[in-house]
Amino acid sequence: MPAQGSRAWRVAFKVQYRILALIDPLVRMVWRRFGIGNVVELEVRSRRGTGSRRRLVGLLRVGDKRFIGHPNGPVGWTRDLDAAGGGTVRWPEGTDWQFTVTQLPAGDVEREQAILATGQHPFPGNLMYRLGRRHIRVVGVFFRLEGTQ
């Protein structure tokens with residue numbers, strides 16, 4: 001597979017995340033009321049120093065380790081998270097968890113564990129991540145989270 005991954009999967013993930021962005025207000029309403037699988041709200045300081053960014057992301061667990069990531073390479077929130085070195089995870093009932101991050105390099109055992117753990121995502125994300133796994137291994141960005149509280 002080319003170093004930039006699969007063109008088809010790059011487009012497929014972009015479309016999936018655009019749809020999620022369009023329906024974000026509805027998804028957040030359901031998430032706040034009922035929770036949605038492993039979905040949490042990530043808040044991270046902007047690398048430009050202009051406030052913070054909030055995104056709903058899937059918190060992956062492997063044993064006692066926690067991971068988050070993006071399948072399509074660096075995007076705004078992953079760049080912010082890398083620059084900030086940490087952030088806050090918020091659960092639907094309002095519990096906060098402060099953490100620091102370590103970005104996981106390609107070929108890292110923990111990175112592979114995080115990629116395999118994407119089956120924890122709610123449908124259809126779990127299916128998309130499973131089918132696009134070769135692409136994700138090439139371009140995906142993943143972080144290990146460690147609590148500071």
Side-chain angles (χ1 to χ4, degrees), residues 1-32 35-63 65-92 97-147:
M1 182 167 293
Q4 68 273 19
S6 160
R7 183 180 306 177
W9 277 109
R10 183 171 297 284
V11 170
F13 281 120
K14 280 186 179 186
V15 168
Q16 176 185 356
Y17 283 104
R18 282 192 207 268
I19 292 168
L20 286 172
L22 288 171
I23 64 171
D24 184 73
L26 176 62
V27 171
R28 282 180 184 274
M29 185 175 68
V30 171
W31 174 77
R32 281 189 195 103
I36 302 172
N38 68 339
V39 177
V40 295
E41 183 180 59
L42 168 69
E43 184 173 0
V44 62
R45 195 174 65 248
S46 170
R47 66 190 177 279
R48 293 186 176 94
T50 56
S52 63
R53 182 189 302 256
R54 292 181 182 193
R55 290 288 182 270
L56 293 180
V57 299
L59 182 63
L60 305 168
R61 295 173 189 254
V62 178
K65 297 176 186 174
R66 296 176 184 187
F67 305 96
I68 57 175
H70 194 278
N72 233 10
V75 293
W77 71 262
T78 63
R79 290 181 185 108
D80 287 347
L81 186 58
D82 190 38
T88 303
V89 162
R90 188 166 296 111
W91 279 266
W97 181 60
Q98 307 293 316
F99 64 89
T100 59
V101 294
T102 302
Q103 187 169 349
L104 303 173
D108 185 87
V109 171
E110 284 184 313
R111 183 174 183 273
E112 181 63 18
Q113 289 174 337
I115 291 169
L116 293 174
T118 57
Q120 298 168 15
H121 289 318
F123 182 83
N126 55 0
L127 179 61
M128 292 287 290
Y129 275 72
R130 172 67 182 106
L131 294 173
R133 195 171 282 164
R134 286 183 58 212
H135 170 77
I136 295 167
R137 283 185 176 119
V138 174
V139 301
V141 176
F142 289 87
F143 299 89
R144 180 182 61 244
L145 284 61
E146 297 179 83

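Quantities reported herein were computed from a predicted structural model and do not represent experimental measurements.
Remark: side-chain polar atoms of Trp77 are not paired, donor with acceptor, to backbone N or O of Arg55 under 3.5 angstrom. Under a 3.5 Å cut-off, the side chain of Arg45 and the backbone N or O of Ala83 do not form any donor-acceptor pair. No donor-acceptor distance shorter than 3.5 angstrom exists from the side chain of Arg134 to the backbone of Ser6, with no hydrogens or angles considered.
Annotation: the span from Ile115 atom CD1 to Arg130 atom CZ amounts to 12.0 Å, rounded to 0.5 Å. The line from CZ of Arg54 to CZ of Arg28 is 8.0 Å long, rounded to the nearest 0.5 Å. Taken from CZ in Arg47 to CG in Leu81, the straight-line distance is 11.0 Å, to the nearest 0.5 Å. The distance from atom CZ of Arg144 to atom CD1 of Ile68, rounded to the nearest 0.5 Å, is 12.5 Å.
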In sequence, state the C-alpha distance, the side-chain angles, and the governing distance for Leu116 and Arg133, and then conclude on side-chain contact (heavy atoms from CB on, under 4.5 Å).
-> CA-CA 8 Å; Leu116 293 174; Arg133 195 171 282 164; 3.5 Å; yes
Could you please spell out the steps behind the side-chain contact (heavy atoms from CB on, under 4.5 Å) verdict for Gln120 and Asn126?
-> CA-CA 6 Å; Gln120 298 168 15; Asn126 55 0; over 6 Å; no
Derivation of the side-chain contact (heavy atoms from CB on, under 4.5 Å) call for Phe99 and Glu146 | CA-CA 5 Å; Phe99 64 89; Glu146 297 179 83; 5.9 Å; no
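When side chains are defined from C-beta on, Trp9 does not count as touching Val139, because their heavy atoms never get closer than 4.5 Å.
Arg79 CZ: more than 12 foreign heavy atoms inside a 6.0 Å radius.
Listed by chain and number, the residues in a salt bridge (Lys or Arg N to Asp or Glu O under 4.0 Å) with Lys65 are Glu110 (sequence neighbours excluded). Scanning for ring pair (Phe, Tyr, Trp, His ring centres under 6.0 Å) contacts around Phe143 gives an empty result, with sequence neighbours left out.
Within the structure, side chain to side chain donor-acceptor pair (under 3.5 Å) contacts touching residues 14-23 (residues at least two apart or in different chains) are Tyr17-Tyr129.
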